[in-house]
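In what follows, chains carry the letters A, B, and so on, assigned in the order in which the sequence lines appear, proteins first and then strands, with residues in each chain numbered from 1.
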Protein chains: 2
Amino acid sequence: MANQLRLSIDRSSPVPLYHQVVQGIEAAIHTGLLEPGSRLENEIDLAAQLNLSRPTMRKAMDELVRSGLLVRKRGVGTQVVSSQVRRPLELSSLYDDLTNNGSKPTTEVLTFAHIEADAATREALHLAAGAKVYHFTRLRKVGGKPLALMENWVRDDITHIDEDLLKAQGLYGILRSGGVNFRLATQRIGAMVANDYQAPLLETEPGSALVTMERTAVDDTGRNVETGHHVYRGDSYSFEMTLVQR
Amino acid sequence: MANQLRLSIDRSSPVPLYHQVVQGIEAAIHTGLLEPGSRLENEIDLAAQLNLSRPTMRKAMDELVRSGLLVRKRGVGTQVVSSQVRRPLELSSLYDDLTNNGSKPTTEVLTFAHIEADAATREALHLAAGAKVYHFTRLRKVGGKPLALMENWVRDDITHIDEDLLKAQGLYGILRSGGVNFRLATQRIGAMVANDYQAPLLETEPGSALVTMERTAVDDTGRNVETGHHVYRGDSYSFEMTLVQR
DNA sequence: AATCAGAGTATGTCCTAACAAACGGACATG
DNA sequence: CATGTCCGTTTGTTAGGACATACTCTGATT
């Protein structure tokens with residue numbers, strides 16, 4: 001089979017070598033140079049061809065296996081699984097997802113307040129009694145069509161937030177500009193039916209299906225930065241993801 | 001801070017050393033020995049204490065970072081993020097999840113057939129025209145209460161399937177016994193409202209919220225083994241997951 | 001001819017070693 | 001006093017080697 005992968009590695013680039021390999025193989029798979037089901041050469045030969053050490057090559061393949069593009073079998077070899085693997089659910093905001101997608105989302109800020117956190121919020125954000133948070137609800141539209149109704153609570157000791165900022169960009173963009181490095185988030189996805197408050201805002205009927213998401217995000221210092229409760233129109237939004245066996 | 005982690009490593013065990021470290025640290029975090037926010041000793045000292053090399057220690061920490069239990073920062077150190085991290089959504093069946101949870105699910109097979117695959121199924125499973133598949137719908141209950149209504153299509157060239165098998169165990173269990181090694185799955189989660197067919201089966205009202213999931217699973221040979229469309233009662237099921245920034 | 005053992009191959013695990021880069025605090029300088 | 005620079009600490013990247021283990025295929029044996 002011996003696919004000729006003519007990857008080029010730039011050793012003067014600040015991008016780590018293993019990551020250059022990841023990008024190269026990803027590109028080869030997406031452009032169809034490496035077809036699903038085809039076998040790659042063995043790690044040692046590939047490493048030798050690129051003048052890389054085996055650990056570096058392995059680290060690259062590890063990432064590709066984790067992301068679901070490759071499959072390894074001991075004693076057999078490494079195989080391309082699929083060309084159309086979705087990126088695993090990313091730690092990104094809806095706003096980022098939409099703009100990356102070429103859409104132009106708009107945001108309406110329905111309510112905005114700087115208030116003392118209630119018990120549930122203090123619990124979610126690990127705040128002391130009396131701490132204050134930003135609380136706001138937003139309506140996100142794409143192409144003039146409402147998509148999501150979002151309610152969030154954000155610590156106020158990170159960066160200043162106001163209505164104008166929220167109108168102009170996504171929450172995660174604001175927080176990142178404020179120096180937050182997100183590390184992980186826990187979220188829960190479920191379903192509910194639209195109530196009399198949600199339905200007119202989302203321009204749908206009470207009783208129609210909504211996808212719900214609750215999320216709490218943590219930054220690299222271990223602070224719970226943000227928690228939110230979002231609902232999406234069920235007829236125009238769903239969560240797509242790839243699960244990889246480990 | 002210097003937390004004393006008294007892990008023990010068994011070099012005669014078939015369990016890889018790095019995985020023993022993962023298990024040890026996981027246990028320490030869950031038992032509260034390592035509190036959220038506390039800093040671990042640096043990699044080199046930890047490795048030395050256990051008589052391990054630094055790469056081995058790093059590989060263990062890599063896994064813990066990926067799973068969201070730890071956070072690393074160059075020049076600073078490694079920190080415990082949270083003790084209550086959910087396992088990332090696993091490549092497992094609902095049946096496995098429930099039995100691991102201590103519940104005792106029951107399964108009713110509503111329909112069962114061995115039929116020629118329609119166009120959508122051939123597309124999803126990458127089958128040639130005329131290929132046959134198993135097609136069945138099941139109702140899963142826990143504690144006598146209906147939870148999920150599941151419709152699946154499965155290749156017939158893997159292992160024999162019949163109603164009795166489906167009644168006794170989960171689909172993934174059957175397929176695994178038949179020699180299938182699952183590698184990855186793509187799935188989509190959304191919402192809908194119960195229709196007149198679903199509602200009575202799930203013992204709920206038409207118009208109530210349902211969580212929907214569509215999934216296609218791939219095994220280690222690259223075959224698309226199974227595809228399904230499931231609906232869950234929105235008031236008793238949701239998907240929980242942890243997203244990790246990479 | 002069927003079955004089993006072994007060789008070959010590829011990934012899995014583990015080691016030592018070194019340098020790079022980012023972070024934070026201490027210290028020196030204006 | 002404020003600011004910038006340097007340095008120690010810690011993680012990030014890369015190399016090269018060694019042995020273990022699982023799988024496949026082939027050849028020998030029964």
Using whole Å, report how far [atom1] of [X] lies from [atom2] of [N].
X: A:N42; N: D:dT24; atom1: CG; atom2: P; value: 16 Å
X: B:K59; N: C:dC15; atom1: NZ; atom2: P; value: 12 Å
X: A:L70; N: C:dG12; atom1: CG; atom2: C1'; value: 16 Å
X: B:R72; N: C:dA21; atom1: CZ; atom2: P; value: 18 Å
X: B:L17; N: C:dG12; atom1: CG; atom2: P; value: 16 Å
X: A:E63; N: D:dT14; atom1: CD; atom2: P; value: 11 Å
X: A:E43; N: D:dC19; atom1: CD; atom2: P; value: 19 Å
X: A:Q20; N: D:dT14; atom1: CD; atom2: C1'; value: 13 Å

Tell me yes or no: between the side chains of [X] and [Y], is some donor less than 3.5 Å from an acceptor?
X: B:E63; Y: B:H19; result: no
X: B:H229; Y: B:N152; result: no
X: B:T78; Y: B:R72; result: no
X: B:T107; Y: B:R138; result: no

If only side-chain N and O atoms of A:R58 are considered, is one of them under 4.0 Å from the OP1 or OP2 phosphate oxygen of C:dG12? yes
Output yes when at least one side-chain N/O atom of B:Y18 is less than 4.0 Å from OP1 or OP2 of C:dT13, else no. yes
Ignoring hydrogens and geometry beyond distance, is the side chain of B:R54 in donor-acceptor contact with the base of D:dG12 at under 3.5 Å? yes
Indicate, with a heavy-atom threshold strictly under 4.0 Å, whether [X] touches base, sugar-phosphate, or nothing.
X: A:P16; value: sugar-phosphate
X: A:D62; value: nothing
X: B:S53; value: base
X: A:D45; value: nothing

salt_bridge(B:K132, B:D157) N-O dist < 4.0 Å: no
Of A:R74 and B:T78, whose closest DNA chain D nucleotide lies nearer the 5' terminus? B:T78
How do A:K73 and B:K73 order along DNA chain D: which one's closest nucleotide is nearer the 5' end? B:K73
